[in-house]
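So you know, we letter chains A, B, ... as the sequences are listed, proteins then strands, and number each from 1.
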Number of protein chains: 2
Amino acid sequence: MVNDTRQLNRMAVLTELLRIRPASRKQLAAASGISAATVTRAVEQLIAEGVVVEASELVSVQRGRRAVLLDVVADRAFVVGIDLGASNTRMLLADLVGTPIARRELVTPVEADAAHLAEWLASAAREIAGERWQRVAGLRLGLPGAVGRDGSTISNAPNLPQVEASGFLELVRAAADRPVGADNDANLALLGEQHFGAARAAPTAVMVTIGAGLGAGIAIDGRILRGARGVVGEFGQLPAGPLGTRLELMVTGPGIMRLAAEAGVRLDSPADLFATDASEPVRALRAHFDQAMLIVLTAATVSCEPEVIVLGGGIAKSLARDLGRYETVLEHHLGAAPRLLASELGDFAGATGAVVAALHEVYRGMGIDERAFGDLPVATADEPEPEPADRPR
Amino acid sequence: MVNDTRQLNRMAVLTELLRIRPASRKQLAAASGISAATVTRAVEQLIAEGVVVEASELVSVQRGRRAVLLDVVADRAFVVGIDLGASNTRMLLADLVGTPIARRELVTPVEADAAHLAEWLASAAREIAGERWQRVAGLRLGLPGAVGRDGSTISNAPNLPQVEASGFLELVRAAADRPVGADNDANLALLGEQHFGAARAAPTAVMVTIGAGLGAGIAIDGRILRGARGVVGEFGQLPAGPLGTRLELMVTGPGIMRLAAEAGVRLDSPADLFATDASEPVRALRAHFDQAMLIVLTAATVSCEPEVIVLGGGIAKSLARDLGRYETVLEHHLGAAPRLLASELGDFAGATGAVVAALHEVYRGMGIDERAFGDLPVATADEPEPEPADRPR
DNA sequence: TGACTTTGATTGCTGAGTGAAATCAAAATG
DNA sequence: CATTTTGATTTCACTCAGCAATCAAAGTCA
């Protein structure tokens with residue numbers, strides 16, 4: 001049969017359980033629209049497979065038989081989400097339902113060649129997983145560059161050129177002996193913010209990361225938009241200034257310093273541009289910066305009309321108190337503006353998103369319908385922030 | 001049963017038949033992966049419902065029983081696609097598989113109020129359908145303005161403000177006594193080009209329409225991107241020039257004339273800007289125009305990395321010989337560029353897209369999975385252009 | 001304390017509906 | 001005209017969903 005009803009129903013039950021975990025059979029039947037009899041049988045099989053367990057019974061508050069709560073066996077599988085940055089690398093170990101187990105922040109061995117970098121990544125992943133390594137189902141890598149739609153062609157990573165080496169992912173895969181996927185880091189950061197951060201409940205959202213460079217991720221209806229060659233979100237390439245200067249050269253840290261130097265203004269760091277007590281020439285520079293930012297935000301809005309634009313990266317931190325103002329101007333120009341929010345996950349947004357992407361890969365392997373990924377895993381109210389690592393360094 | 005396998009299989013067979021029309025039961029079984037027995041039963045029911053007929057048998061070229069070709073009953077239902085423009089209105093009557101039956105080009109009664117406009121549309125639709133009106137399953141309206149995600153809130157239509165009146169669509173619906181949907185005209189033009197025009201086989205594409213205004217439609221994986229309030233594709237709102245001039249004021253017909261006047265250059269029409277033997281001052285203007293166009297094209301590329309950008313509208317006609325040049329520059333800036341193509345459907349792109357959208361609505365009503373819409377209806381090789389209307393005027 | 005009520009889970013049963021394989025149908029071939 | 005080949009249909013065994021009856025385990029009430 002092309003359409004295996006049995007499998008479909010079993011996965012519908014599992015999906016619902018992941019969503020409203022923990023839940024009784026009856027709840028699952030109601031939520032999924034499947035009959036109680038079928039849910040019983042599906043759960044029976046899921047328990048036999050070891051994917052689901054009967055958890056403690058609900059304390060009874062009403063008459064009648066107590067419902068038996070079911071839950072996913074969260075420690076059945078783990079994933080490692082890795083944000084491989086040009087200077088720092090963040091790693092997050094999480095279980096099957098997205099609960100963060102451990103985090104690491106490491107200095108990227110930028111001098112290492114592709115092979116050594118791959119080795120290093122694999123051993124760091126082994127280290128963070130510890131004795132759980134056997135159960136690690138896959139790694140996900142966020143890279144500071146463009147990743148093609150096939151998920152293996154990597155290009156445009158000037159800050160970490162090793163990863164462009166053909167076969168780099170293959171090396172990691174071999175070294176870790178696990179499935180390894182890759183994505184652009186801005187995309188993953190957005191995915192992270194959508195599932196556990198500022199863009200919660202915003203299936204259509206954009207994340208703009210401004211730091212040493214300008215990157216952006218776009219998600220539409222809970223699905224990350226990944227172009228064939230990773231050009232999506234390259235708003236930094238838009239011509240802005242008079243001579244067609246690219247936005248990237250006006251809005252990023254290095255760009256700000258360069259413009260200041262050209263204008264004969266002395267800035268100790270890009271952050272000085274945003275001081276409230278800035279001098280007149282700095283304010284003039286600031287006006288230019290704001291104009292450039294508005295182009296970025298307009299382009300982002302107009303590209304997909306996101307409900308939320310999340311701003312992340314070093315420069316964005318200085319913009320926190322300007323978001324309302326930007327929002328007003330956007331609203332005025334376009335008639336409708338998305339909410340502008342600062343990143344909630346900060347430096348770990350990318351790694352968090354990598355965890356989500358890795359989990360989606362695992363879910364796909366289990367047979368769960370991709371259309372349910374938009375709200376899986378669901379952020380549990382009490383753990384938006386990962387618990388501190390058991391052994392940070 | 002939540003998941004009615006029978007219905008699912010029947011629709012899978014019908015979808016396949018719409019795709020590879022006409023086809024034998026065996027072909028359908030092979031194409032859909034469903035067993036021959038089930039296909040026979042599904043077809044039996046589809047024939048009983050009057051949706052499918054046995055057509056002529058295939059002339060036999062090999063030994064064995066002849067395959068009986070099946071086909072969709074194309075004249076079982078019709079749709080009217082309407083492109084309601086600020087000056088002209090184009091209508092297209094098409095059958096269930098998208099074959100154009102008749103076309104009209106009418107002068108929009110711009111002076112009419114919402115109620116009269118609705119009346120006029122309904123009677124024009126009745127007229128084009130003639131005795132087929134009974135079988136017209138629905139109308140689709142392309143409007144020069146923003147249509148909200150709900151498909152009923154209309155805003156930002158300065159060139160035809162009547163349609164913004166609340167309840168306008170309801171009036172058309174009542175006057176025509178048929179389901180009526182609405183969409184932005186640029187979106188529909190893109191849909192048309194994707195199914196029957198320049199963007200054939202480009203599920204991810206952008207269409208930019210430049211005439212009296214600047215509009216754009218974006219389609220991702222065969223799905224038109226429709227923002228909550230229709231801001232998607234408003235690239236014209238991007239600030240471009242020195243003082244933050246909006247692109248719309250630089251690249252459209254009126255914008256060109258205004259800029260020329262400001263620069264003290266005399267242009268008889270916007271088209272003069274693109275003359276090969278233009279004078280020096282005109283060339284300078286032209287350089288500005290090109291720069292603005294590149295912003296639009298960059299923004300479009302970066303927003304979703306389309307395989308194709310289709311250019312339509314009055315101004316775009318003058319750009320035909322520049323597309324290659326633009327492509328080269330884009331390629332140079334972004335490392336990867338979409339193909340730039342001129343609209344193939346021209347003035348009727350919007351109406352064609354409206355037909356496609358109306359058909360999708362009909363298909364949805366029949367129970368066909370939305371994920372199949374991307375390639376339904378399929379352009380038949382020998383009729384990319386609608387046949388001349390039976391009574392044009 | 002025990003009959004009764006209530007709620008959740010399980011099971012027996014029936015009917016829907018699929019696919020494999022056998023069969024039928026209709027053609028060309030030798 | 002028997003044989004072969006190909007497409008369509010039918011037979012048959014099997015899967016599996018849902019309904020409804022039943023079982024299980026609680027609280028309630030006299």
Chemist: Just the rounded figure in Å: distance from P of C:dG8 to CD of A:Glu44.
Modeler: 20 Å

Chemist: Under the criterion side-chain hydrogen bond (donor to acceptor under 3.5 Å, both in side chains), which of A:Asn187, A:Asp150, A:Asp183 is the partner of A:Arg226?
Modeler: A:Asp183

Chemist: A:Arg66 side chain N/O closer than 4.0 Å to the phosphate oxygens (OP1, OP2) of D:dA26?
Modeler: yes

Chemist: State whether B:Phe373 and B:Arg223 meet the cation-pi test: NZ (Lys) or CZ (Arg) under 6.0 Å from the six-membered ring centroid, and within 45° of the perpendicular axis.
Modeler: no

Chemist: Take atom CD of B:Gln27 and atom P of D:dT6, then tell me their distance rounded to the nearest Å.
Modeler: 15 Å

Chemist: Check this one for me: any side-chain N or O of A:Thr38 less than 4.0 Å away from OP1 or OP2 of D:dG18?
Modeler: yes

Chemist: How close or far is atom C1' of D:dT4 from atom CD of B:Gln62, stated in whole angstroms?
Modeler: 13 Å

Chemist: Rounded to the Å, how far apart are B:Asp4 CG and C:dG15 P?
Modeler: 18 Å

Chemist: Is there a side-chain contact (heavy atoms from CB on, under 4.5 Å) between A:Arg140 and A:Val80? Walk through the geometry before answering.
Modeler: CA-CA 6 Å; A:Arg140 197 78 178 194; A:Val80 181; over 6 Å; no

Chemist: Any donor-acceptor pair under 3.5 Å linking the side chain of B:His195 with the backbone of B:Val356?
Modeler: no

Chemist: Please give, in whole Å, the distance from D:dT6 P to B:Leu28 CG?
Modeler: 19 Å

Chemist: For A:Arg65 and A:Arg10, take the nucleotide of DNA chain D holding the closest heavy atom to each; which residue's nucleotide lies nearer the 5' end?
Modeler: A:Arg10

Chemist: Among C:dG8, D:dA17, C:dT18, which nucleotide sits nearest the side chain of B:Thr5?
Modeler: C:dT18

Chemist: Within less than 4.0 Å of OP1 or OP2 of D:dA17, is there a side-chain N or O belonging to A:Asn9?
Modeler: yes

Chemist: Among C:dA9, D:dT6, D:dT9, which nucleotide has an atom closest to any side-chain atom of A:Arg25?
Modeler: C:dA9

Chemist: Can you tell which of D:dT9, D:dC16, C:dT7 lies closest to the side chain of A:Arg6?
Modeler: D:dC16

Chemist: Nearest of C:dA20, C:dT10, D:dA17 to any side-chain atom of B:Ala37?
Modeler: C:dA20

Chemist: Between the two end axes of the helix from C:dT1-D:dA30 to C:dG30-D:dC1, each built from 5 base pairs, what angle do you get to the nearest 10°?
Modeler: 20°

Chemist: Any side-chain N or O of A:Arg41 less than 4.0 Å from the OP1 or OP2 oxygen of C:dT11?
Modeler: no

Chemist: C:dA9 phosphate, OP1 or OP2: any side-chain N/O from A:Thr40 under 4.0 angstrom?
Modeler: no

Chemist: In whole Å, I'd like the distance from the CG atom of B:Leu69 to the P atom of C:dA27.
Modeler: 14 Å

Chemist: Are A:Arg132 and A:Phe78 in a cation-pi setup, meaning NZ or CZ lies under 6.0 angstrom from the ring centre and within 45 degrees of the ring axis?
Modeler: yes

Chemist: Can you check the A:Leu70 CG to C:dG8 P distance for me, whole Å?
Modeler: 13 Å

Chemist: Got a donor-acceptor contact below 3.5 angstrom from the B:Arg200 side chain to the B:Phe196 backbone?
Modeler: yes

Chemist: For the backbone of B:Val136 and the side chain of B:Arg178, can you confirm whether one donor and one acceptor N or O come within less than 3.5 Å of each other?
Modeler: yes

Chemist: Considering residues at least two apart in sequence or located in another chain, which fulfil the side-chain hydrogen bond (donor to acceptor under 3.5 Å, both in side chains) criterion with B:Arg63?
Modeler: none

Chemist: What is the distance, to the nearest angstrom, from the CD1 atom on A:Ile47 to the C1' atom on C:dA9?
Modeler: 12 Å

Chemist: I want to confirm an ordering. Mapping A:Gln7 and A:Arg63 to their closest nucleotides on DNA chain D, which one lands closer to the 5' end?
Modeler: A:Gln7

